[in-house]
Trainee: 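I'd like to ask you about the structure that follows.
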Amino acid sequence: MSALSDAIARSFATGEPERQALSPLRALGRRQLSGFEVLAQSVATTAPAVSMVVLPVTMFTHQMLLSGLITIVVATVVVSLIAVCVSQFTRRMAAAGGLYSFVFQGLGTRAALTAGVAMLTKYVGSAVMTLYHGGQAVIATLGFFGLELREPAERLLVYAGIAIVILGCLVRGVRFAALAILAVESCSLLFIVGLMIVTGAGGQHAAVPPSDSAYGPLLMTLAAVFALAGFESATFFGPEAKRPLATVTRTVMLTPMICGALFIFSAWAAWSGRTDTLVNAYLHGTSTGVDPAVVIALNLGLGTSWLASAMASSNAASRLLYSMGIERVVPRLFARVHRSYRTPYAALAVIVCAVCAGAATFGIVGKSTGFGHVQLIARTAVVAAYVLVAVASVRFLSRIGEHTPLVRVAGVAGSAAGGIVLAYMLFVNMAHGFAMVPTVVLTLLLSGSAWQLYLRWRHPASLRSMGVFDTAETDDVLPGAGVFATDAAGNLALTAAGRTSGSR
């Protein structure tokens with residue numbers, strides 16, 4: 001206690017600094033979210049209630065009951081290893097850019113821009129798909145009550161109304177949005193788990209047309225990994241969490257475990273025949289004899305889970321755009337924050353409008369080949385981002401001299417597993433003459449280099465300001481306990497006591 005007593009005594013003798021040190025992310029409103037609210041954001045992005053139905057359908061489609069269960073277990077382990085890699089950054093910094101900012105710390109500008117493109121692609125693509133499905137669930141539920149919406153204008157009105165509600169919730173405030181997401185996803189999980197338990201002994205046999213694809217294991221693996229993807233969305237809210245280094249790290253580690261346990265349970269239920277009624281209700285409605293009340297309840301549960309995921313994905317993407325706007329990597333417009341609610345309203349408006357346009361298009365023209373392309377693009381992008389952050393964690397800890405065997409194993413295993421999945425996807429697509437995955441991978445690889453060259457030509461200062469994270473402010477530090485010096489970007493930053501900007 002003597003050191004603390006000395007520091008307190010010294011603080012009374014220290015005068016006010018001439019210039020206040022402020023966090024570059026303070027406009028978002030620091031230290032607002034509790035641990036449950038951060039966890040709600042992360043869990044909702046994965047849409048666990050939906051995946052608990054979709055994964056059994058995938059298992060039945062490819063006739064992979066026991067092997068599908070094993071695949072989900074392996075996917076949970078691999079994604080948990082990626083979570084260990086991500087946690088190495090969340091223990092040390094809180095960044096609104098999430099994985100984009102973390103990859104910068106380990107691999108530099110070009111890889112960070114590539115990761116930024118990959119994460120924006122993943123979140124926008126995921127939000128488009130979940131908003132489309134959520135809107136379809138709303139339309140189907142209205143149909144059960146006699147309100148048929150067949151005209152394109154009517155369907156467009158539904159999607160526009162949902163988008164306005166989502167945008168209003170997100171702009172209203174991060175805590176308001178988190179609580180709304182938590183309530184919606186909790187109700188969805190209760191619906192799905194309850195229906196799975198109650199209707200499990202219904203005596204039905206799942207009527208799922210088998211697929212003739214020879215690549216069932218690959219498709220099952222992608223479905224399992226993408227079901228778990230989204231656990232990292234909590235990292236985008238580090239600056240807004242009350243105890244970011246502890247809260248976000250805990251959420252990043254717990255989310256794959258929680259969702260993985262739910263998915264393993266649903267896979268076991270499919271293997272043991274307890275999801276047949278649910279699968280029939282999901283695929284065929286009441287045509288297989290399922291009680292209409294079960295179908296309505298399922299539509300409500302899945303619909304709310306889809307919409308919560310669309311909201312959470314849009315929320316995370318807005319923080320990524322906001323962080324890029326602060327760094328001037330994208331137009332400064334995206335860094336604008338609502339004065340009262342402390343939310344990046346410009347980024348939110350752009351993201352939600354783009355998502356609504358994509359979802360409404362599919363809602364009007366139907367799930368064409370383009371929908372499958374969006375799904376494949378989003379899955380490829382998220383696997384690529386996970387490989388980058390796994391490699392970045394190894395490089396980052398090596399640079400700062402804090403490597404551990406666990407992180408080395410997690411980084412190598414996670415990046416290797418992601419690389420194998422990407423390589424297999426490339427092989428399958430190229431063997432069949434499909435250009436989608438090779439095009440996506442090539443675009444991602446070139447995007448970072450092209451973006452870096454453009455910034456170097458038009459906005460060279462932005463390259464020096466990348467990697468923004470929440471820094472200590474003058475009011476966060478006991479007077480006299482540290483020295484604030486100017487960093488490379490011209491901002492005041494906390495340094496070790498007794499050091500100056502010239503010695504840094």
Trainee: Do Y345 side-chain atoms and R336 backbone N/O form a donor-acceptor pair below 3.5 Å?
Mentor: no
Trainee: Could you check whether any side-chain heavy atom of M466 comes within less than 4.5 Å of a side-chain heavy atom of L113, counting everything from C-beta outward?
Mentor: yes
Trainee: Can you say whether the rings of H459 and Y454 are parallel (under 30°), tilted (30 to 60°) or perpendicular (over 60°)?
Mentor: perpendicular
Trainee: In terms of the angle between their ring planes, are Y282 and W306 parallel, tilted or perpendicular, with boundaries placed at 30° and 60°?
Mentor: tilted
Trainee: Closer than 3.5 angstrom, by distance alone: can the side chain of Q41 be matched with the main-chain N or O of A312 as a donor-acceptor pair?
Mentor: yes
Trainee: Would you please name every residue forming a side chain to side chain contact (heavy atoms under 4.5 Å, CB included) with I70, sequence neighbours left out?
Mentor: L66, V74
Trainee: Please identify which of these residues, L320, V389, V124, meets the side-chain contact (heavy atoms from CB on, under 4.5 Å) condition with M119.
Mentor: L320
Trainee: Can a donor-acceptor pair be found, under 3.5 Å and without considering hydrogens, that links the side chain of Q105 to the backbone of V103?
Mentor: no
Trainee: Do any N or O atoms from the side chain of Q88 and from the backbone of V84 form a donor-acceptor pair under 3.5 angstrom?
Mentor: yes
Trainee: If we check side-chain contact (heavy atoms from CB on, under 4.5 Å) with M425, which of these qualifies: I420, V440, T380, T221?
Mentor: T380
Trainee: Going by the rule side chain to side chain contact (heavy atoms under 4.5 Å, CB included), which residues pair with V208 if we only count those two or more places apart in sequence or in a different chain?
Mentor: F60, T61, A206, V279, L283
Trainee: Answer with yes or no whether the side chains of S42 and T255 bring together a donor and an acceptor at under 3.5 Å.
Mentor: yes
Trainee: F231 and Y386: aromatic ring centres closer than 6.0 Å?
Mentor: yes
Trainee: Taking F236 as the fixed residue, which of F469, Y123, F102, Y100 is the one that meets the ring-ring contact (aromatic ring centres under 6.0 Å, His included) rule?
Mentor: Y123
